[in-house]
Amino acid sequence: MSNKANHSLSLWARWSLLLVLTAGGGCGVHKNPFDFWFNNTTTLGGSIPGRRTSIYVAFINNTPYRAIFTFGTYDPLNMDQQGPLAFPIAFEQFYIDPNPDYRLERNSVSRTVVFGCGRAVGVGDQALVDIIEKYGYETTSSGAPVYPEALRPLVDPRTGAHKAGIIFSDRPLDAEDAGTHITAWASGVVTLQGAEYPCDALVVYTFDLDETQPGGVRVTPEVMLP
């Protein structure tokens, strides 16, 4: 076999190993080995090199409870927010804010939020929350205050530690525990650009009551192509 063939085989072997390692938990968000490839090679949109287009995100809350969580977009392989090639995260929250745009009430549909097209959309996602906390963001992308209660609304029953996720509350707005009481909950969801949605798409997350889910709520992402 020629040196050129050996070199090609070596590159393929290394790439295959990287896919396997990533699928096994290297980044924690890839569902199968091919997700890594599509997530990191698919165009970020637009006709100008280095530029990105947009991603649109909306929510349908079919539960009888208010939803509380943080959501946004980021690049899983480029988490550094201060480097020369940093992709700035973009995020918003639903909480007990006086502005109804920043609340997701029962049986309601949210406004559509526009972000720059990152390689992942996280909803109640720990990786996104870690970035927000690490770099000390005090306002969301639209200028709303960051509510710490909406960053880590879930409580680990084993340790009592707070963690990211999505909680649902049946408390009235003026209740002291309106933003922390957990009537139902759902684990965070990560959706991958390239593997699950293209840039310029609308990603709609629907919350439904589902007794088969550990926290009683099912989260269903649906992608509407541009």
Side-chain angles (χ1 to χ4, degrees), residues 18 21-31 35-36 38-42 44-45 50-59 67-97 101-102 104 110 112-156 159 161-167 179-180 185-197 199 201 203 205 219 221:
L18 180 61
L21 290 175
T22 304
C27 289
V29 296
H30 300 101
K31 282 84 168 177
D35 284 351
F36 182 85
F38 291 118
N39 184 221
N40 290 282
T41 61
T42 303
L44 290 165
R51 296 286 182 89
R52 302 180 186 227
T53 54
S54 300
I55 183 66
Y56 302 83
V57 182
F59 299 88
I68 295 171
F69 59 96
T70 300
F71 65 99
T73 186
Y74 62 98
D75 285 359
L77 295 184
N78 185 12
M79 308 290 255
D80 180 7
Q81 294 294 284
Q82 297 176 338
L85 300 178
F87 171 65
I89 65 170
F91 71 98
E92 299 291 343
Q93 294 180 308
F94 287 119
Y95 189 61
I96 313 301
D97 193 280
D101 282 345
Y102 301 119
L104 185 58
S110 77
T112 298
V113 179
V114 185
F115 295 130
C117 189
R119 294 205 179 271
V121 174
V123 178
D125 171 34
Q126 189 64 58
L128 176 64
V129 168
D130 287 344
I131 301 173
I132 295 169
E133 293 179 334
K134 178 178 179 180
Y135 292 96
Y137 286 89
E138 296 182 349
T139 60
T140 69
S141 298
S142 62
V146 170
Y147 293 103
E149 298 89 343
L151 292 174
R152 296 174 177 267
L154 285 179
V155 179
D156 190 324
T159 65
H162 289 263
K163 60 182 182 178
I166 308 163
I167 68 168
T180 58
W185 60 273
S187 297
V189 175
V190 178
T191 312
L192 299 175
Q193 185 265 347
E196 296 174 278
Y197 67 85
C199 291
V203 185
Y205 296 86
V219 182

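Since the model is a prediction, treat every value here as computed from it, not as a measurement.
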G165 and P153: which non-hydrogen atoms are nearest, and at how many Å? O-CG, 3.4 Å

With side chain to side chain donor-acceptor pair (under 3.5 Å) as the criterion, how do T140 and Y102 come out once you've worked through the C-alpha distance, each side chain's angles and the decisive distance to 0.1 Å? CA-CA 11 Å; T140 69; Y102 301 119; 5.2 Å; no

Does the Q93 side chain pair with the main chain of Y147, one donor and one acceptor, at a distance under 3.5 Å? yes

Between T73 (side chain only) and A90 (backbone N and O only), is there a donor and an acceptor less than 3.5 Å apart? no

When you measure from the side chain of Q81 to the backbone of I89, do you find a donor-acceptor pair of N or O atoms at a distance under 3.5 Å? yes

Is the shortest heavy-atom distance from the side chain of R152 to the side chain of E133 under 4.5 Å? yes

Sub-4.5 Å side-chain heavy-atom contact between E92 and S142: yes

Heavy atoms, side chains only, cut-off 4.5 Å: are V121 and Y205 in contact? yes

For L154 and A186, the nearest pair of non-hydrogen atoms, with its separation, is CD1-O, 4.0 Å

Side chains of Q193 and I55 in contact at under 4.5 Å (non-hydrogen atoms): no

Nearest heavy-atom contact between A150 and Y95 is CB-CD1, 4.1 Å

I want to check something: taking the side chain as every heavy atom from C-beta on, are I166 and V219 in contact at a cut-off of under 4.5 Å? yes

Would a 4.5 Å heavy-atom cut-off, applied to side chains only, mark I68 and I96 as touching? yes

Minimal non-hydrogen separation, I167 against G179, with atom names: CD1-O, 3.9 Å

Tell me the closest heavy-atom pair linking A127 and M79, and the distance in Å. CB-CE, 3.9 Å

Ring centres under 6.0 angstrom apart (F59, F69): yes

Any ion pair linking K163 and D130 (charged N to carboxylate O, less than 4.0 Å)? no

Indicate yes or no for a side-chain donor-acceptor contact from D75 to the backbone of R119 under 3.5 Å, with no hydrogens or angles considered. yes

Whether S110 side chain and A58 backbone form a donor-acceptor pair below 3.5 Å: no

So which heavy atom on A86 is nearest to which on Q82, and how close? CB-N, 4.2 Å

Where does the angle between the aromatic ring planes of Y135 and Y137 fall among parallel (under 30°), tilted (30 to 60°) and perpendicular (over 60°)? perpendicular

Is the F87 to Y74 ring centre distance short of 6.0 Å? no

